[in-house]
Each structure stands twice: as structure tokens, then as C-alpha cells.
Visitor: 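Encoded as C-alpha cells, here's the structure I'll be asking about.
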Amino acid sequence: MLQCCQFCGKEFLTRGGVKRHITNRPKCRRAWESMIEEKDSEVTAPLMENHEMENHDVGNSFSPLRRSRSNSFDADEHNPAVPKSRRVTVEDVADEGEVVEGGGRYFEQCSDAGWTLREGETAFERYRKYKEGMGEDKWAPFCDEEEWGLTEWLVKSLGQTRTDDFLKLPIKVNELPHGAAWSCKKISIQGNRTDEKGEPLHEDVELWMRNPVECIKDLIGNPLFKDHMLYTPARAYMDSAGLHRVIDDMWTADWWCDMQKQLPEGATIAPIILASDKMCLSQFRGDKTAYPVYLSIGNIAKEKWRQMSARATVLIGYLPAGKLDCFTPDERSLAGYRLFHHCMSLLLQPLVAAGEDGVEMVCADLLIRRVYLILAAYVADFPEQCLVACCKENRCPKCVVAMDERGDPLTSPMREPALIKEILEKQKTGHHPAEFDEYGLRTVYAPFWANLPHSDIFLAFTPDLLHQLYKGIFKDHLVKWCIDIVGEEEMDAWFKAMPDYAGLWHFKKGISTVKQWTATEHKEMQRVFLGLLAGAVPSQVLLRLHTAESLNGLESALAIFHTNKDILQELNVREHFNIPKLHQLSHYVQSILLFGATDGFNSELPERSLSRQRDYEEQMALWLQHQEAVFLRSSYLNWLLEQSQLSPTNSTRCEHGYDSDSDSEMEGPDVVPTPAYPQRSVQHLVTAHSAIMFLPALKLFLCNHMLHTIIVPGLQDHFDIFRQVVITAPPNPLVSKSPRQWRVRATPEAPPGHGQKPGSPAKFDMALMSNGIRCQKIHFDILLGTRVGQVHIIFTLPRQFGTYSQALAYIEWFTPLREPDPSSGLHQVSRSTCRLHWNAAVIHVDEIACPCHLIPKMGQSIDWGWTSTNVYELASDFYLNTFIDLDTFCMSAID
């Protein structure tokens with residue numbers, strides 16, 4: 001149901017959208033403030049000022065995006081205020097549902113979906129009424145908040161046995177409401193081996209499961225997801241004409257819209273997202289393994305359900321994967337496949353009727369809808385996709401491409417569930433259809449997906465970023481090919497000399513010494529890999545990707561790879577390209593169109609989910625129930641707090657809602673009262689901060705900005721120095737709905753401390769400075785009107801120069817961005833000089849747009865004197881690394 005702004009009538013998809021709209025639109029904001037003033041004469045401060053006192057930095061950081069609260073720093077004719085584009089002003093943030101420069105969206109909503117039946121009560125509402133009826137306070141069955149806090153910490157932090165022994169907590173935890181109950185089903189398997197009496201051998205296994213329908217009721221009815229829950233699909237566009245479509249969450253993709261047409265008018269769909277991952281649970285039952293199966297729904301915004309702490313992805317079962325010694329070795333593998341499908345059928349059986357007829361559910365907005373539960377997406381790595389698809393691992397689980405043609409740019413027909421079921425049935429009855437071998441099928445005659453209504457399991461397989469891209473295409477193939485070209489020692493030297501960047505992983509010993517590779521290491525390599533290769537390998541090896549602009553760019557990039565891949569054979573790096581994970585790339589565009597952006601589907605999430613669970617012994621189900629009960633109680637208490645803030649006495653901050661998730665830190669400049677390095681001399685700045693041109697640059701700044709100042713700075717002056725600038729900017733809608741925050745550091749070298757405390761090298765970060773300094777809007781094309789500079793000092797002027805409200809930065813310029821390198825697509829820059837010295841300047845800190853990262857142009861052979869600490873000084877040419885993070889990449893992508 002659409003939400004409406006009471007001041008202008010604009011409609012939005014969520015209540016959170018109305019909150020952000022009122023906060024960020026001038027007319028509605030003023031109307032809201034006027035209404036609040038009429039309701040409560042005591043409330044006179046604007047909403048942002050209320051939050052200003054609650055959100056202040058800790059530590060020695062200078063934030064250029066926070067208002068100053070010092071009376072001595074008021075703006076006047078000599079002290080220009082921070083531009084509006086750098087504050088939380090109504091022009092800054094894109095309005096949800098309205099297009100503005102650089103962001104915003106228009107929606108074409110499906111009108112015959114998500115109809116409501118009547119009002120209802122969520123589980124939280126019912127539980128509150130029950131507690132009130134029993135005369136209990138909100139902390140019961142615990143004595144008070146303190147005992148509850150201890151219990152919560154123990155259950156989350158300690159194992160089951162130690163928690164029980166400490167306070168006998170299950171007595172109280174068992175009284176808490178919890179989600180769907182766990183049950184255990186014993187399954188007896190008869191093998192093809194016999195004992196000494198000639199009797200068939202058996203093996204008993206356990207299937208732990210809970211009702212997926214009940215789990216979905218808990219998810220879709222969780223009040224804390226209210227502002228992150230959608231019940232109808234819509235097409236999103238960047239423009240009012242509908243020419244530039246945006247595909248992000250599942251509700252903006254095609255599958256949901258297409259599925260609505262197959263259901264009754266007004267139906268609500270809960271697109272089910274399943275994920276499975278076989279891994280060892282050594283503390284579960286000896287050395288047995290199991291398949292954990294996870295569930296989420298596409299109604300929840302992917303930014304929410306991918307958060308571990310939100311518990312928007314729930315565990316619904318453990319499928320057994322015993323040793324199956326009752327089978328002979330040649331039959332054991334096939335028996336495992338059949339056991340998997342049999343257990344999945346038992347686990348998902350409730351979804352059959354729920355997908356055909358729908359189930360009435362109380363949703364997070366307190367309205368009841370008839371919800372159809374339909375399997376939409378299945379997240380798994382390649383071997384498990386083949387297991388689910390009942391095909392061999394030398395075939396594609398999505399299409400019928402021949403086993404020896406997966407390295408060719410072909411378009412093969414997709415597998416069809418009805419046809420595959422028909423082929424399996426014919427094989428079972430002894431007809432032996434030719435397609436059985438042609439499609440590489442296995443004799444799994446009862447796949448679990450056969451009876452799930454409206455589902456296409458082959459389309460449901462989504463791109464697996466962790467195994468297909470990070471570990472597969474990138475690490476196992478691309479990195480290996482490049483090492484074969486340049487040599488392992490040279491590659492290690494490149495990574496060792498990589499300049500520092502806030503948050504960037506530094507491979508101090510290179511990459512050849514890394515023994516245990518995780519997704520983290522893969523991602524960190526990808527942030528700098530293209531820049532390292534530029535100029536060091538043949539240009540045909542560098543295939544520039546244009547994925548930020550459109551899905552057509554992704555297809556073009558793959559086509560360019562196939563056009564140029566022969567260079568790897570000419571260099572004797574690769575003999576063939578019949579690589580399963582390479583073929584999977586050909587299905588990415590279709591999956592994105594159907595289900596949304598790939599970052600919403602990643603097998604890394606279930607792996608991380610399970611890694612946090614521990615002490616799986618015989619009380620596994622009870623322990624999981626305790627974990628969930630504590631989480632639900634914590635969520636319930638948070639909900640109570642939110643409800644209390646929605647009362648009339650708190651309507652100032654919550655009724656018209658300041659959205660803390662999106663705007664809480666977006667304020668004007670504020671100087672940290674205590675600088676990190678107070679009263680530093682000019683000589684110290686010249687030596688410790690490598691600021692040779694500090695005095696000339698400062699004199700020029702004072703001449704241009706402090707016209708009434710007659711004092712000339714000299715060696716006798718001392719300055720308060722800060723460690724870093726914290727920049728908070730409006731969200732980039734192409735990346736996230738959350739505000740962007742960066743740090744730009746300017747810290748000198750720290751010598752080793754007492755004892756074992758090591759020293760740290762100097763950190764003078766690169767940043768993009770705005771040429772159109774006082775622009776009224778932050779452009780989302782981050783390279784537009786910017787120039788690279790290295791920040792050496794962040795300081796404030798002493799009093800003798802006059803009162804000045806802005807903090808300043810001493811920087812050293814680089815040349816303007818040159819045309820992109822044709823092979824890598826990266827812009828090149830060099831050090832800028834003036835009269836045989838570095839070209840330096842003093843600027844306002846609000847002219848710093850964001851940090852950036854430069855990669856030295858390595859060439860085919862690196863200078864072995866380069867290190868990560870001196871390469872900025874020794875190298876002459878650099879590439880602007882637009883791959884350093886997703887936000888920078890999306891904002892700077894051109895073409």
C-alpha cells in the first residue's frame with residue numbers, strides 16, 4: 001500500500017520514504033516544523049539541531065561536515081560558511097520517488113498486487129497484550145533490565161553447556177517466545193550391501209527441520225522490518241520518461257512482475273530465497289557433515305536481509321549427509337544425491353500448498369494479506385547447483401550447452417523443469433531417452449523441486465560472487481594467468497609497493513605467501529589489480545568492464561573477452577577456455593534482470609552465518625531455539641522503544657520521522673575541541689609532515705582570503721593540527737541508501753613506543769579536490785570538476801591571524817586528469833611542480849570532495865627500491881584507481 005505525505009500529497013512505497021521526503025524537502029519540512037510548533041510550544045529547535053548534540057565524533061578527528069558550536073567561529077564577511085552542498089540541507093539527499101541531479105527514482109508500480117484483506121496484529125502486538133493481561137512488566141520473566149542484559153550476553157557469547165552451568169538460564173529462556181519450533185525426523189536408508197547373514201545393511205540419519213511457512217510468517221510480520229518491506233513489484237527508472245531503468249532489489253526486477261500475472265488479482269508474493277552450503281560441523285555429531293539450509297524472502301530490502309545482525313535470513317533445516325557405508329563405493333555418491341533431494345522434499349513440503357492457494361499472514365504494517373510462497377532464487381556454489389539440478393558437474397546446471405562448448409560465446413536453450421521431469425520419468429521406466437545423456441543428467445527420479453508450484457529451479461540459480469567470481473574466475477584463473485605472464489616475484493613486488501589507503505589491505509609479503517584465501521583477500525586484490533597490470537601486460541589482457549552504466553555493458557565486456565582471449569594461448573598461459581565458471585558469466589545478465597543485483601545473492605552469506613554458531617552437540621535444536629528466543633526478545637524490546645517514541649509526547653522526532661539510518665551523521669563542520677597535535681611549530685610541519693612549501697602556500701591563502709590581516713606567517717608561529725578529516729555525503733542511489741562516509745588522513749610518522757608497541761609510517765592521503773569549490777550540489781560523477789591532491793596537514797589558524805571558522809588543509813597538487821588509458825580505462829596523473837618545487841596550496845577542508853587512491857605506473861619491471869611508504873615520492877606517473885571501492889567505481893564510471 002502506498003504511503004502519502006500529508007503536506008504535499010506525494011506517494012511513496014514505504015513509510016521510511018515519507019520520512020526522508022519530509023526531512024529533505026524544504027516546503028514539507030517547513031510545514032512539518034510549523035505543525036510541531038503548534039502542537040508543542042516547547043519544541044523550537046529544528047530536527048537536525050536536536051540530533052546535532054547526539055552525534056558527535058569521538059577522538060582526535062576533525063569532521064568537515066558538522067556544524068561548529070563555538071560562538072567564536074560564527075560566519076561573517078571574512079569567514080565564509082560551509083557550502084550548502086556539504087551540510088545536511090534539503091537540497092542534499094535524493095528524494096525517494098523523485099528524480100534529482102545524480103539520484104532519485106521514478107516507479108511504475110504493479111497495481112494488482114499486494115491487496116490487503118483487513119487489519120491484524122503482529123506477534124509483538126499479541127505478546128504485549130498478553131504481558132499486560134498477566135500484569136507483568138516488560139522484563140519478565142527476568143527480574144530487571146540488568147538480569148536480562150546478562151542473560152542476553154551469555155547466550156550470545158558463551159556455549160550452551162557453560163551458559164546452563166552458570167545461571168541455569170534455560171529455565172527462564174525457555175519461557176520466552178521463539179520462532180518456528182525445531183523437529184527431528186529419523187530416516188532409515190537401505191543400502192545395496194549386505195551383512196554376513198545376507199541381510200541388506202541400513203543406516204539411520206537425522207533430518208532437523210522446521211516449518212518454512214511459519215518462518216516466513218515471522219519474517220514478513222516482523223515490525224522491525226516495516227520500513228524495509230515491500231509487497232508489490234515495481235519498475236524503477238532514473239528519469240520520468242522511463243528511458244533509464246534501474247534494477248536493484250528483487251521487487252524492481254522482472255521475475256516478480258511476471259509471476260503476478262500467473263496469480264489471482266491482488267495476490268501478494270513472498271519470493272523465497274533459499275541457500276544451502278555443505279560444511280563440516282565437527283561439534284554436531286562426531287565427524288558427520290550436514291547441509292544447512294537458509295531462507296529469506298525478497299520482500300525485505302537486500303541491504304537489510306544481508307545484514308547478519310538483522311536475522312532476516314533464517315536457518316530452516318539441517319539435511320543429513322552421512323557416510324552411507326551401507327552402499328558400495330560406486331553407488332554411494334548417487335545415494336547421497338537421492339538422500340539430499342528426499343530430505344529437501346520433506347523440508348519444503350509445506351510450500352506446495354502455500355504456493356498454490358496462498359496463506360493469510362499478518363504483515364509488518366499490521367495488515368493481513370493472502371501471501372503466495374514461491375521459490376524464486378536458490379543461492380549455492382557450482383557443485384551444489386549441479387546437485388540440485390540433477391546433472392553432472394561437467395555440465396551447466398542452467399542450460400543444455402554441450403560439455404565441450406562451455407568456453408565459447410554461445411546462447412544455448414535453458415533447461416526446462418517440465419522437460420527434465422519427463423526425461424527422468426522415461427529413464428526411470430526404462431525408455432532411456434537420448435536427452436538423458438545429452439543433458440548430462442543423473443538418475444535422481446524425484447527431485448525436490450518437481451512439485452513446487454510456479455517455480456523454475458534452473459532460472460532460480462543466481463550468480464555466486466564468492467565461488468564463481470572471487471575464488472573462481474578471479475583467483476583461480478585471472479590471477480594465475482597474470483602471474484604466468486609477469487612472474488610470481490614481480491607480482492609480489494607490485495603488491496608490496498602498493499600505496500596505503502584507509503581500509504585497504506596491504507599485502508606486505510606479496511600474495512604468493514598467502515596460504516588461506518577467503519573472500520576478504522580476493523576483494524582486496526580486486527581493488528588494485530587492474531591498476532597494477534596497466535602498462536605491465538599486453539593491452540589485450542586488460543579487458544575494460546563497463547558494468548556500471550548498463551547490463552549491455554556487461555554483455556559487451558564478456559564479448560570483448562572472447563574476442564581477445566587468444567592472446568592468453570599465444571602467451572602459453574592457457575590451452576583452452578572450457579571452464580564451467582567462465583560459462584556461468586553468460587547467465588549473469590538474465591539473472592540480474594529476473595532477480596535484481598548480484599550483491600543480493602552470495603553464498604558468502606550462509607558461510608558467514610554458520611561460522612557464528614558453535615557447540616552443536618545433542619542439544620543443537622534447543623540451543624538454536626535459545627538463540628532465536630533471545631534475539632526475538634531483544635527485537636521486541638526495541639519495538640517497544642520505537643512504539644513509545646511514536647507517542648504524542650515524542651511526535652517531534654518520530655511521528656514525521658527523522659530517518660536515523662540515512663541522515664543521522666550528515667551535519668555541518670565542527671572542530672574537535674582538542675587537536676591531536678596542539679601548537680606545532682612551522683619547522684615541525686616542514687619536517688614531520690613533508691610540507692616544504694607550507695609558509696609560501698599559507699601566505700598566498702591569507703592574501704586571498706584574509707584581506708584585513710597584516711601579520712605575515714613565519715617560523716615563530718604555531719598551529720593546532722588534526723589527524724584526519726571525516727567526510728559524510730548524501731547517499732549514492734546507485735550504490736546504497738546509506739550516507740557515504742570517508743576519512744582523509746594526514747598523520748606524521750610515529751616512532752616505536754615503549755615495550756613492544758611498533759611505530760607507524762606517515763599517512764598523507766590522496767584526495768579529490770573540487771575545482772568548482774563553492775558548488776551548490778555534489779555531483780555523483782565524482783571526477784567532474786575535481787583534481788588530485790595529497791593532504792599533508794589539517795590545521796586551524798591561530799588567533800593572531802583573526803577569527804576564521806574553517807579548518808584548512810595544506811595539499812600538494814597533481815596534474816589535471818589526463819584522458820583514460822585505452823587499455824585499462826584509468827586516468828593518469830603526475831606530480832605538479834611550480835618553479836622547481838611541488839605545486840602546493842592551502843585550501844578549506846570543505847573543498848576536499850573525497851579520498852582517492854593512486855597506483856604507481858609499474859611498467860614491465862618494478863623499481864625494487866619502491867615501498868608502500870615511499871612510492872608516492874619516487875614514482876613519476878600514477879593511475880587514478882577508480883576500482884578502490886564500489887562507490888568510487890560507480891560514481892566515476894563513464895561511457
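Residue numbers count from 1 along this sequence.
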Visitor: Taking Cys110's backbone N and O only, do any of them form a donor-acceptor pair with Thr232's side chain (distance below 3.5 Å, no angle check)?
Guide: no
Visitor: If I compare all heavy atoms of Ala377 with all of Met250, which pair ends up nearest, and what's the gap?
Guide: CB-CE, 4.4 Å
Visitor: Got a donor-acceptor contact below 3.5 angstrom from the Asp249 side chain to the Trp251 backbone?
Guide: no
Visitor: Check whether Trp449 reaches the backbone of Pro417 with its side chain - one donor and one acceptor, N or O, closer than 3.5 Å.
Guide: no
Visitor: Can Val359 and Val371 be said to form a side-chain contact (heavy atoms from CB on, under 4.5 Å), step by step?
Guide: CA-CA 5 Å; Val359 179; Val371 183; 5.6 Å; no
Visitor: Can you classify the ring geometry of Tyr378 versus Phe448 as parallel (below 30°), tilted (30 to 60°) or perpendicular (above 60°)?
Guide: tilted
Visitor: May I ask you to decide if Leu387's main-chain N or O and His341's side chain share a donor-acceptor pair within less than 3.5 Å?
Guide: yes
Visitor: Enter the distance from Leu295:CG to Thr313:OG1 here, rounded to the nearest 0.5 Å.
Guide: 8.5 Å
Visitor: Output yes when a side-chain donor or acceptor of Asn299 lies under 3.5 Å from a complementary backbone atom of Leu230, and no otherwise.
Guide: yes
Visitor: What I want to find out is whether Asp248 reaches Lys302 closely enough, with some N-O distance under 4.0 Å, to be called a salt bridge.
Guide: yes
Visitor: Side chain of Lys217, backbone of Met361: donor and acceptor closer than 3.5 Å?
Guide: no
Visitor: First locate atom CZ of Arg210, then atom OG of Ser183, and finally report the distance between them rounded to the nearest 0.5 Å.
Guide: 10.5 Å
Visitor: Strictly below 4.0 Å, N to O, side chains only: are Asp227 and Lys304 in salt-bridge contact?
Guide: no
Visitor: Mind running side-chain contact (heavy atoms from CB on, under 4.5 Å) on Glu435 and Val400 for me, showing each step along the way?
Guide: CA-CA 10 Å; Glu435 294 88 350; Val400 295; over 6 Å; no
Visitor: Would you call Glu425-Lys428 a salt bridge at under 4.0 Å N-O?
Guide: no
Visitor: Could you check whether any side-chain N or O of Lys398 sits under 3.5 Å from a backbone N or O of Phe461, counting only pairs where one atom can act as donor and the other as acceptor?
Guide: yes
Visitor: Tell me, please, which residues at least two apart from Asp357 pass side chain to side chain contact (heavy atoms under 4.5 Å, CB included).
Guide: none
Visitor: Looking at Thr252, is its backbone amide N or carbonyl O close enough to the side chain of Arg245 to form a donor-acceptor pair, meaning the two atoms are under 3.5 Å apart?
Guide: yes
Visitor: Using atom types as modelled and distance alone, determine if a side-chain donor or acceptor of Arg415 lies under 3.5 Å from a backbone N or O of Cys396.
Guide: yes
Visitor: Of all the heavy-atom pairs spanning Tyr445 and Leu424, show the shortest one and how long it is.
Guide: CD2-O, 3.4 Å
Visitor: Run the salt bridge (Lys or Arg N to Asp or Glu O under 4.0 Å) test against Arg338 and tell me which residues pass, sequence neighbours left out.
Guide: none
Visitor: Where do Ala113 and Pro233 come nearest, in terms of heavy atoms and distance?
Guide: CB-CD, 3.9 Å
Visitor: State the CZ-OH distance between Arg395 and Tyr439, to the nearest 0.5 angstrom.
Guide: 11.0 Å
Visitor: Heavy-atom distance under 4.5 Å between the side chains of Ile316 and Tyr294, does that happen here?
Guide: no
Visitor: Which atom names give the shortest non-hydrogen contact between Ile374 and Pro453, and what distance separates them?
Guide: CG2-O, 3.9 Å
Visitor: State, yes or no, whether a side-chain contact exists between Met229 and Asp365 at a heavy-atom distance under 4.5 Å.
Guide: no
Visitor: Please round to the nearest 0.5 Å and tell me the distance separating atom NZ of Lys426 and atom NE2 of His431.
Guide: 8.0 Å
Visitor: Quick check for you: to the nearest 0.5 Å, what is the distance between Tyr231 atom OH and Arg369 atom CZ?
Guide: 5.0 Å
Visitor: Could you check Glu438, Gln427, Glu422 and say which one makes a side-chain contact (heavy atoms from CB on, under 4.5 Å) with Pro433?
Guide: Gln427
Visitor: Could you name each residue pair satisfying side-chain hydrogen bond (donor to acceptor under 3.5 Å, both in side chains) that touches residues 258-269, not counting sequence neighbours?
Guide: Trp256-Gln260
Visitor: Looking only at non-hydrogen atoms, find the nearest pair between Phe458 and Ala389 and report the distance.
Guide: CE2-CB, 3.8 Å
Visitor: Where is the tightest heavy-atom contact between Pro320 and Cys343, given as atom of each residue plus distance?
Guide: CD-SG, 3.6 Å
Visitor: How long is the span from the CG atom in Leu351 to the OG atom in Ser345, to the nearest 0.5 Å?
Guide: 11.0 Å
Visitor: So does Arg118 pair up with Glu360, basic N to acidic O under 4.0 Å?
Guide: yes
